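Reckoned from all heavy atoms, side chains included, excluding hydrogens, waters and symmetry mates. Position 1 is the first residue of the sequence, and the numbers go up from there. Quick caveat, the model's predicted, so the values are computed rather than measured.
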Amino acid sequence: MTDSLPQFVSFGEALTDMIRDGGDHWLAKPGGAPWNVARVMASLGVPSAFGGAISHDVFGDTLWLASQQAGLDMRFIQRVKASPLLAMVYQLSPPRYFFIGDDSADLHFDVAQLPASWADQVHWAMFGGISLAREPLASHLLQLASQLKAQGVRIAYDPNFRAAMDERYDPTLRKMVELADVIKVSDEDLAGLFRTQDLSTALATIRSWHPDALFFYTQGAEGATLYAQQSSWQARPPEIEVIDTVGAGDASIGGLIHSLMQHPAADMPTHLRYAMGAGAGACMAAGATPPTIQQIQQLAARVVVKSGG
C-alpha cells in the first residue's frame, strides 16, 4: 500500500447476498451497492476506496479478498467482531428478500479510524444504499456527507430503495438530495420512496429540492434521462445480449462519475452516453461485474442521445 490516498470513496454497506438456488440450496455472493460502485471506479483506473465495516468471519473474509482483488484502498475497510450483514434473496423473479443484521458489523463503522488527511485529497464521495436507513450508521454518514460537502468535496447519492426505507427515511432522503451534486434515482426508487405510482410528480418533487443538482433518472430497458437545471437529455441503452442486470445501476452511476471526473469539460450528452455504456457493459457478464473502459467506449458510441429541452 502506498501513501497516496483515494480520489473517490463510496461509503455504506458491503454485505453478502444469500441467494436461494432452488429448494434448500443457498449461494453466497459478496455485494452491496456502495461497495459495487467502489469496485467499478477502481476498475476504471480511479484510486478508490470503500468506506465501511465488515465482519470477522467467512463472509467478511470473502468481502475482504474481493476488495483486494478489485484494487480498493484497504485502509478504508474496517474489520469488526460482530455478525455479518446478510441479504436473504429467497426469490429472484420477482425479487423477494429480507435483511439479517441486528447490531451487525456494518453499523460499527468508525470515521475517526480512517487515514489521516484523507478528506483533503478525496475529490468525490458517494453515499446511498440501506446504510442510510440503519442507525447509528445513518446519522454518522449524514454528518460525514455534510462535512465533506462543506470542504468542497463533490457528493453523489443513489438511494437504492429497499423496503426498510419507509416514512422514517423521508428526512434523510431530502437531506441527501440537498447535499448531493449528482443524484441517481430509478423509476422503482421513486415509486418506493414516495409510495406512489405518480412518478412524474415524484420526480418533479425530488428535483425541486435541489434544482442545481445533476439528476440521472433511470428506467431500466427504457433508458435514462439526465437533467441539468432546465435542460434534459434522453438515451436508450445500446442493443446487447443481456446475461443479467445485476450491478447495472451501480455501473451506470460509476460510469457517470468517472466521466465527470476524467472529462469535466465534456458536454452532458457525452456524460450520459458514458453512463449508459457502463450500465450496458455490466449486463454482458454474470453478477456484478464491472465493465472495462474499452467496453464502455465501444457501447457509448452506439448510444443515441436526444435533447428534451
Side-chain angles (χ1 to χ4, degrees), residues 1-14 32-54 63-64 67-80 105-129 131-132 134 136-159 172 175-184 210 212-214 216 250 253-266 271 274 290 293:
M1 184 70 66
T2 67
D3 290 332
S4 62
L5 289 163
Q7 298 174 10
F8 174 87
V9 184
S10 183
F11 292 96
E13 76 277 358
W35 181 74
N36 283 336
V37 176
R39 290 196 306 141
V40 168
M41 295 298 289
S43 74
L44 298 178
V46 176
S48 300
F50 163 72
I54 58 177
L63 283 163
W64 182 267
S67 299
Q68 287 181 318
Q69 293 172 338
L72 297 178
D73 190 321
M74 302 304 291
R75 293 172 293 183
F76 286 71
I77 303 178
Q78 299 167 7
R79 303 296 299 268
V80 177
D106 59 300
L107 299 179
H108 295 268
F109 177 64
D110 184 359
V111 175
Q113 295 184 29
L114 294 177
S117 303
W118 73 271
D120 296 330
Q121 296 192 38
V122 68
H123 299 172
W124 279 81
M126 178 146 184
F127 298 84
S131 59
L132 289 174
R134 289 168 56 77
L137 178 61
S139 294
H140 297 158
L141 293 181
L142 275 172
Q143 182 180 14
L144 176 61
S146 297
Q147 291 172 346
L148 292 173
K149 179 71 172 183
Q151 292 177 218
V153 176
R154 300 195 72 184
I155 305 297
Y157 171 52
D158 180 1
T172 297
K175 178 64 174 177
M176 283 306 307
V177 169
E178 291 172 345
L179 283 173
D181 299 278
V182 174
I183 296 109
K184 175 191 172 293
H210 194 169
D212 292 332
L214 190 64
F216 180 41
D250 302 328
I253 183 61
L256 178 59
I257 296 170
H258 182 264
S259 184
L260 291 166
M261 288 184 73
Q262 302 300 319
H263 308 288
H271 295 314
Y274 201 89
I293 289 180

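The side-chain heavy atoms of I293 and Y274, taken from C-beta on, include a pair separated by under 4.5 Å. Inter-residue side-chain proximity for H258 and M41 is flagged as met; some heavy-atom pair is nearer than 4.5 Å. At least one side-chain heavy atom of W64 sits less than 4.5 Å from a side-chain heavy atom of R79. At a threshold of 4.5 Å between non-hydrogen side-chain atoms, the residues K175 and S146 count as touching. The closest side-chain heavy-atom distance from R39 to F50 is not below 4.5 Å. Between L5 and P47 the shortest side-chain heavy-atom distance does not fall below 4.5 Å. A heavy-atom distance below 4.5 Å is not found between the side chains of V153 and Q147. Inter-residue side-chain proximity for M126 and V182 is flagged as unmet; no heavy-atom pair is nearer than 4.5 Å.
Side-chain atoms of D250 never come within 3.5 Å of backbone atoms of V37 as a donor-acceptor pair (strictly under, hydrogens ignored). Looking only at distances, a side-chain donor or acceptor of S67 sits under 3.5 Å from a matching main-chain atom of L63. For the pair Q121 (side chain) and S4 (backbone), a donor-acceptor distance under 3.5 Å is absent. For S43 (side chain) and V40 (main-chain N/O), a donor-acceptor pair under 3.5 Å exists by modelled atom type. Although no hydrogens or angles enter the test, the distance criterion places no donor-acceptor pair under 3.5 Å between the side chain of K184 and the main chain of I253. Formation of a donor-acceptor pair under 3.5 Å by the H263 side chain with backbone atoms of H271 is not found in this model.
Rounded to the nearest 0.5 Å, atoms CG (D158) and CZ (F127) are 13.5 Å apart. Annotation: the span from L142 atom CG to L137 atom CG amounts to 9.5 Å, rounded to 0.5 Å. Rounding to the nearest 0.5 angstrom, the gap separating the CG atom in L148 from the NE2 atom in H123 is 12.5 Å. Atom CH2 of residue W124 and atom CE of residue M261 lie 8.0 Å apart, to the nearest 0.5 angstrom. Atom CG of residue L214 and atom CZ of residue R154 lie 8.0 Å apart, to the nearest 0.5 angstrom. A distance of 9.5 Å separates CG in L141 from CD in E13, rounded to the nearest 0.5 Å.
Scored by the side-chain contact (heavy atoms from CB on, under 4.5 Å) test, H210 finds V177, D212, A213 as partners (sequence neighbours excluded). A search for salt bridge (Lys or Arg N to Asp or Glu O under 4.0 Å) contacts involving R134 returns D106, not counting sequence neighbours. Every residue meeting the ring-ring contact (aromatic ring centres under 6.0 Å, His included) condition with W118, not counting sequence neighbours, appears here in chain and number order: F11, F76.
Across every non-hydrogen atom of A105 and A53, the tightest pair is O-CB, 3.2 Å. V9 and G51 get closest at one heavy-atom pair: CG1-N, 4.0 Å. Listed here is the closest heavy atom pair of H140 and F109: ND1-O, 4.3 Å. The nearest pair of heavy atoms linking A180 to Y157 is CB-CB, 3.8 Å. The shortest non-hydrogen separation linking A38 to L72 is O-CD2, 3.4 Å. The shortest heavy-atom contact between P34 and S10 is O-OG, 2.8 Å.
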Evaluate Q151 against D120 for side chain to side chain contact (heavy atoms under 4.5 Å, CB included), listing each step before the verdict.
CA-CA 8 Å; Q151 292 177 218; D120 296 330; 4.2 Å; yes
